[in-house]
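This report concerns only the one structure given below.
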There are 2 protein chains.
Amino acid sequence: MDSDVQRHAASDKGEADDHSRPAKPELDLNQFLPYRLNSLADRISQALSRIYDQRFAINVAEWRVLAWLSHRDVLTAKQICEFTRMDKARVSRAVQSLEERELISRTQSTSDQRVHYLHLTLAGEELLGKLIPEAHAWETELVSTLTAGEYRDLLNTMSKLERQLERLESQR
Amino acid sequence: MDSDVQRHAASDKGEADDHSRPAKPELDLNQFLPYRLNSLADRISQALSRIYDQRFAINVAEWRVLAWLSHRDVLTAKQICEFTRMDKARVSRAVQSLEERELISRTQSTSDQRVHYLHLTLAGEELLGKLIPEAHAWETELVSTLTAGEYRDLLNTMSKLERQLERLESQR
DNA sequence: TAATTATAGTTTTATTTGAAACTAAAATCT
DNA sequence: AGATTTTAGTTTCAAATAAAACTATAATTA
């Protein structure tokens, strides 16, 4: 394959047989999981966000808020931060814009004046009624070349990586 | 084949008998590949970029440029754009900053005054000499819970998705 | 109960980024 | 050859974002 890529150490640099100098390090980004994962995710995200954006004028943050609300009915901004792992400022802005467009509404908690319960409005549900099937259809097309087993394994492997990430992050 | 993947579109909600109100759409983001992939990639990228950033004051764009140069010795900015799929402005800035720090150097092509050949300086190689092993070690830890087969399958599946993405993108 | 600390959410500030405009050089066309 | 278009790379501009400061409430503690 990419056999000859390996070669070309620190070769022609002149200091010739210098012992102290470290061998030329090399990294094939295409074999490097973080890079591969990131660029794949990026491409997918961009392709999909074209749907959100062009057809519904929704950005990714807004889409995530809506999607979680479709799933959980009532949530606070804090919870959305946790679930989506988005920054609270980003969530705050998404919520604000969705409320302005009356796709969601907020009701202040009586027991704690700081928290606001978020829920979809009818308009929000209607929008999701169109958007979700489209998103699903797109995903289906994307994964249409995978077998059911491959798809399942992919999600499983991703879960494993997530758990390991959890461990690594808690260590530091 | 990809049987059960198909399902759960706008399926069970049956616009059936109820005429006026649309059935409540629902999406479980945790089962939605684009979301899962994106948040996993994001977390990995962030964790890893802490290494680049804290220990070497390198951002992700710069890291990618360096990594490709470790791999290919001499590249133009254009090529780096293609390989990394990064915006040319972003590449331009990364190159600029790396050159200022003398981690890479540029030599103008004699045959075409517009292009500049980029290559690592000795300092750049030295930095990579430390950074690459660390990045590799981190990746190894990350995937340490996967079997060799799982890891291979993951990369394969990702390649499939990339190819499909290519197809989908060329269609539109 | 008063003072301190923590929490939910917003706003401000600075940075990052992509898109578009731009520059200079090359390639193509007439 | 001169005019037009393309290309490589940079700079400018506007939008998105994260981090930090901030506001208002609630919880803790002394």
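Residue numbering restarts at 1 for every chain, and letters A, B, ... go by the order of the sequence lines. Because only heavy atoms are used, hydrogens play no part in the values below, and waters and symmetry mates are left out as well, while side chains stay in.
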Task: Spacing between Gln108(B) atom CD and dG9(D) atom P, to the nearest angstrom - done: 10 Å
Open item on the list: Rounded at 0.5 Å granularity, tell me how far CD in Glu62(A) sits from CG in Leu103(A).
Closed with: 8.5 Å
Task: Qualifying salt bridge (charged side-chain N to carboxylate O under 4.0 Å, His left out) pairs, either residue in residues 104-117 of chain B, two or more places apart - done: Glu99(B)-Arg106(B), Asp112(B)-Arg114(B)
Task: Set of residues satisfying salt bridge (charged side-chain N to carboxylate O under 4.0 Å, His left out) with respect to Arg101(A), sequence neighbours excluded - done: none
Open item on the list: I'd like the 5' and 3' limits of the part of DNA chain C contacted by chain A, with heavy-atom contacts below 4.0 Å.
Closed with: dA6(C) to dT12(C)
Open item on the list: Taking ring-ring contact (aromatic ring centres under 6.0 Å, His included) as the definition, give me every residue that meets it alongside Phe56(B), ordered by chain and number, with sequence neighbours left out.
Closed with: none
TODO: Output all residues satisfying side chain to side chain donor-acceptor pair (under 3.5 Å) with Tyr117(B), sequence neighbours left out; order by chain, then residue number.
DONE: none
- [ ] Kindly write out the residues that satisfy ring-ring contact (aromatic ring centres under 6.0 Å, His included) with Trp138(A), not counting sequence neighbours, or none if the list is empty.
- [x] none
Task: Pairs meeting criterion side-chain hydrogen bond (donor to acceptor under 3.5 Å, both in side chains) with involvement of residues 127-137 of chain B, two or more places apart - done: Arg55(B)-Glu134(B)
Open item on the list: Which residues pass the ring-ring contact (aromatic ring centres under 6.0 Å, His included) test with Tyr52(B), not counting sequence neighbours?
Closed with: Trp63(B)
Task: By salt bridge (charged side-chain N to carboxylate O under 4.0 Å, His left out) - contacts of Arg90(B) (at least two apart) - done: none
Open item on the list: For nucleotides 16-25 of chain D, give me one character per nucleotide, 5' to 3': B if any protein heavy atom sits under 4.0 Å from the base, S if the only such contacts are to the sugar-phosphate, - if neither.
Closed with: -BBB----BB
Open item on the list: Taking ring pair (Phe, Tyr, Trp, His ring centres under 6.0 Å) as the cut-off, I'd like each qualifying pair that reaches into residues 74-93 of chain B, sequence neighbours left out, listed once.
Closed with: Trp68(B)-Phe83(B)
TODO: Please round to 10 degrees the angle between the axis of the first five pairs and the axis of the last five pairs in the helix from dT1(C)-dA30(D) to dT30(C)-dA1(D).
DONE: 10°
